[in-house]
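What follows is a set of notes on a single structure, which appears directly below.
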Amino acid sequence: MIGVGEARERARVVVTKRMARWAAEIVRGEARAAGTGEPAAGAGAPSASPELSFGLKPPSEREVLADQTAAERWVREWREVPLAVGREVTWGERAWRSIGRQRVPLRLELASPDAVAEFAGGTARREWREAARRAGAVREELGGGEAMAAAVRRHFASLRRLTPEGFETLLGVVGWLLGNPQSGVRPRQIPLRGVDSKWFQRHRGLVVALHGAASGGEGLGLVDADPQIRVRILDGAIASKVRLRDFAAPLSQLRSMGIAPAAVLVVENLESALAMPQWDGLVVVHGSGYAVDVIGAIPWVVEAPVLYWGDLDSHGFAILNRLRSHHPRVESVLMDEATLLAHRDLWVPEPEPSRGTFSHLTNAEQATVERLGLEGNVRLEQERIPWAVAVEALSGVLPHQIQPELPPML
């Protein structure tokens with residue numbers, strides 16, 4: 001027998017799992033109105049099936065005879081639960097030889113996301129109401145459609161973390177940028193109260209995502225500081241030529257460097273980049289997350305074979321996918337199922353897995369992404385892999401003519 005409390009918990013879990021999808025449906029214009037199975041204003045046809053439906057596992061005659069008090073309490077509990085529009089309990093009769101005909105609850109059906117959240121109650125109801133309000137505000141202020149729905153779903157966790165005031169500021173900034181597409185100002189000069197360079201840096205990802213979805217373009221029309229990219233030249237001859245070995249420089253300067261490394265290694269963890277030994281022909285670039293979009297614009301990177309070593313998690317593969325979209329000759333290293341399973345004791349949970357589609361991954365890489373999910377959305381952080389294992393793996397995939405100069409073992 002599934003009681004009301006257990007049913008509410010099931011509904012709460014569904015709210016948590018589906019909230020991002022539901023918010024995207026509101027932005028897309030497909031969400032069903034509160035407490036009904038009907039479409040919201042401007043939406044398409046209503047869904048033919050409820051959002052959540054499951055049997056309540058009524059007791060058998062033998063179970064009722066074993067504990068008639070519990071069975072009666074269960075029936076009474078369901079009879080007394082308040083059910084508004086969009087929330088329905090299906091009842092049926094049971095003809096039992098020993099106790100006669102009894103009317104029992106058979107199934108709970110919740111027609112819409114609002115119905116699921118209202119039935120779950122408590123925190124789930126409050127969180128969904130606020131998420132739905134924000135999704136509606138995005139649609140109203142910035143427009144709906146598939147691109148905006150995808151952006152909201154992808155960045156849903158970040159949108160939820162904003163305070164109400166912060167969310168309104170975000171909408172204001174994106175709206176201002178849409179209305180001033182070629183403003184030519186720096187982020188500090190956006191004429192909105194509370195918006196400064198620190199605010200913009202902290203929320204830039206959300207601004208770019210929502211603005212791009214609304215405008216269909218890539219630029220914000222702002223004058224930005226050229227991003228600094230950390231580089232380590234492991235080849236002594238190349239380092240002597242440019243008179244630099246370990247430095248950070250803007251994209252404009254890196255593009256003009258006349259070097260031709262035999263290979264480029266892009267790593268996500270700065271400590272891994274700094275720990276690399278001298279290595280003939282090799283240049284290391286600190287990827288620093290989604291900065292791989294910038295790395296793909298450096299000529300000497302594009303012209304060389306590229307190795308990518310990132311965290312073994314969904315975001316690491318998302319970054320690899322983006323890098324490979326700019327540079328087809330990218331080979332991943334230490335991002336396979338064998339490496340993952342060999343370090344099971346070093347796994348940690350990935351709190352917000354990437355839900356994107358990775359069209360530039362190999363079949364083996366796709367299989368590893370699926371394995372991460374099957375294991376419970378885990379991650380193996382790059383810096384947790386033993387250093388000797390990492391160097392050996394890199395040596396095995398780099399061109400044979402370039403080998404590291406390892407320090408002597410103590």
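All residue numbers in this chain count up from 1 along the given sequence. Here the structure is a predicted model, which means the values were calculated and not measured.
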Checklist line | Greater than 12 external heavy atoms within 6.0 Å of Glu6's CD | finding: yes

From the list Val116, Leu110, Asp114, side-chain contact (heavy atoms from CB on, under 4.5 Å) with Glu51 holds only for Val116

Quick note, salt bridge (charged side-chain N to carboxylate O under 4.0 Å, His left out) partners involving residues 197-214, not counting sequence neighbours, are Arg204-Asp224

Q. Do side-chain atoms of His203 reach the backbone of Trp199 as a donor and acceptor pair under 3.5 angstrom?
A. yes

Check: Does the His327 side chain pair with the main chain of Val301, one donor and one acceptor, at a distance under 3.5 Å?
Finding: yes

key: Check: Asp313 main-chain N/O paired with Arg379 side-chain donor or acceptor under 3.5 Å   = no

Between Gln68 (side chain only) and Leu65 (backbone N and O only), is there a donor and an acceptor less than 3.5 Å apart?
no

**Request:** Ignoring hydrogens and angles, tell me if any N or O in the side chain of Arg87 forms a donor-acceptor pair with the backbone of Glu109 under 3.5 Å.
**Result:** no

For Ser197 and Arg186, which I'm curious about, is there any donor-acceptor pair between the side chains at under 3.5 Å? no

If only atom types and distance count, is the side chain of Arg384 paired as donor or acceptor with the main-chain N or O of Leu346 below 3.5 Å? yes

Tightest non-hydrogen contact, residues Ala7 and Ile2, listed as N-CG2, 4.0 Å

- Item | Asp235 side chain to Leu282 backbone, donor-acceptor under 3.5 Å | no

Greater than 12 external heavy atoms within 6.0 Å of Arg344's CZ: yes

Taken in chain and number order and not counting sequence neighbours, the residues that satisfy side-chain hydrogen bond (donor to acceptor under 3.5 Å, both in side chains) with Gln102 are none

Return yes if some donor-acceptor pair links the side-chain N/O of Arg103 with the main-chain N/O of Gly92 below 3.5 Å, else return no.
no

May I ask you to decide whether Glu130 forms a salt bridge with Arg134, counting only side-chain N to carboxylate O separations under 4.0 Å?
yes

Ala239 and Arg245 have their tightest heavy-atom pair at CB-NH2, 3.8 Å

Sorted by chain and number, sequence neighbours left out, side-chain hydrogen bond (donor to acceptor under 3.5 Å, both in side chains) with Glu9 holds for Arg12

message = Could you tell me if Arg10 sits above the aromatic ring of Phe54, with its cationic atom closer than 6.0 Å to the ring centre and no more than 45 degrees from the axis?
response = yes

Under the 3.5 angstrom rule, does the side chain of Arg160 hit a backbone N or O of Ala131 as a donor-acceptor pair?
no

Below 3.5 Å, can you tabulate the donor-acceptor pairs from side chains in residues 329-338 to any protein atom, sequence neighbours excluded?
unit_1	atom_1	unit_2	atom_2	d
Arg329	NH2	Glu303	O	2.9
Ser332	OG	Glu365	OE2	2.7
Asp336	OD1	Ala338	N	3.1
Asp336	OD1	Thr339	N	2.8
Asp336	OD1	Thr339	OG1	3.2
Asp336	OD2	Thr339	OG1	3.2
Glu337	OE1	Arg371	NH1	3.1

What side-chain donor-acceptor pairs closer than 3.5 Å can you find for residues 255-265, not counting sequence neighbours?
unit_1	atom_1	unit_2	atom_2	d
Arg255	NE	Ala297	O	3.3
Ser256	OG	Gln253	O	2.9

>> Testing the 3.5 Å rule here: is there a donor-acceptor pair between the side chains of Ser314 and Glu350?
In response: yes

| said: Can you confirm if the NZ or CZ of Arg230 lies within 45° of the ring axis of Phe247 and under 6.0 Å from the centre of its six-membered ring? | reply: no

In terms of relative ring orientation, are Trp22 and Trp128 parallel, tilted or perpendicular, with 30° and 60° separating the classes?
perpendicular

Any salt bridge between Arg107 and Glu88, counting N to O under 4.0 Å?
no

Which donor-acceptor pairs under 3.5 Å do the side chains of residues 167-179 make with protein atoms, sequence neighbours left out?
unit_1	atom_1	unit_2	atom_2	d
Thr169	OG1	Glu165	O	3.0

Exceeds 12 heavy-atom contacts within 6.0 angstrom, atom CD of Glu140:
no

Output for pair (Trp347 CH2, Glu381 CD), nearest 0.5 Å, gives 14.0 Å

Kindly check if the number of other-residue, nucleotide or ligand heavy atoms within 6.0 Å of CD (Gln201) is above 12?
-> no

**Report entry** Main-chain N/O of His360 paired to Asn321 side chain as donor or acceptor, under 3.5 Å
**Finding:** yes

Check your understanding: Is there a donor in the side chain of Ser325 and an acceptor in the side chain of Arg322, or the other way round, less than 3.5 Å apart?
Key -> no

- [ ] Answer yes or no: is there an ion pair linking Glu25 with Arg18, defined by an N-O contact shorter than 4.0 Å?
- [x] no

Exactly one candidate in Ile385, Asn269, Val266 meets side-chain contact (heavy atoms from CB on, under 4.5 Å) with Trp309; the answer is Ile385

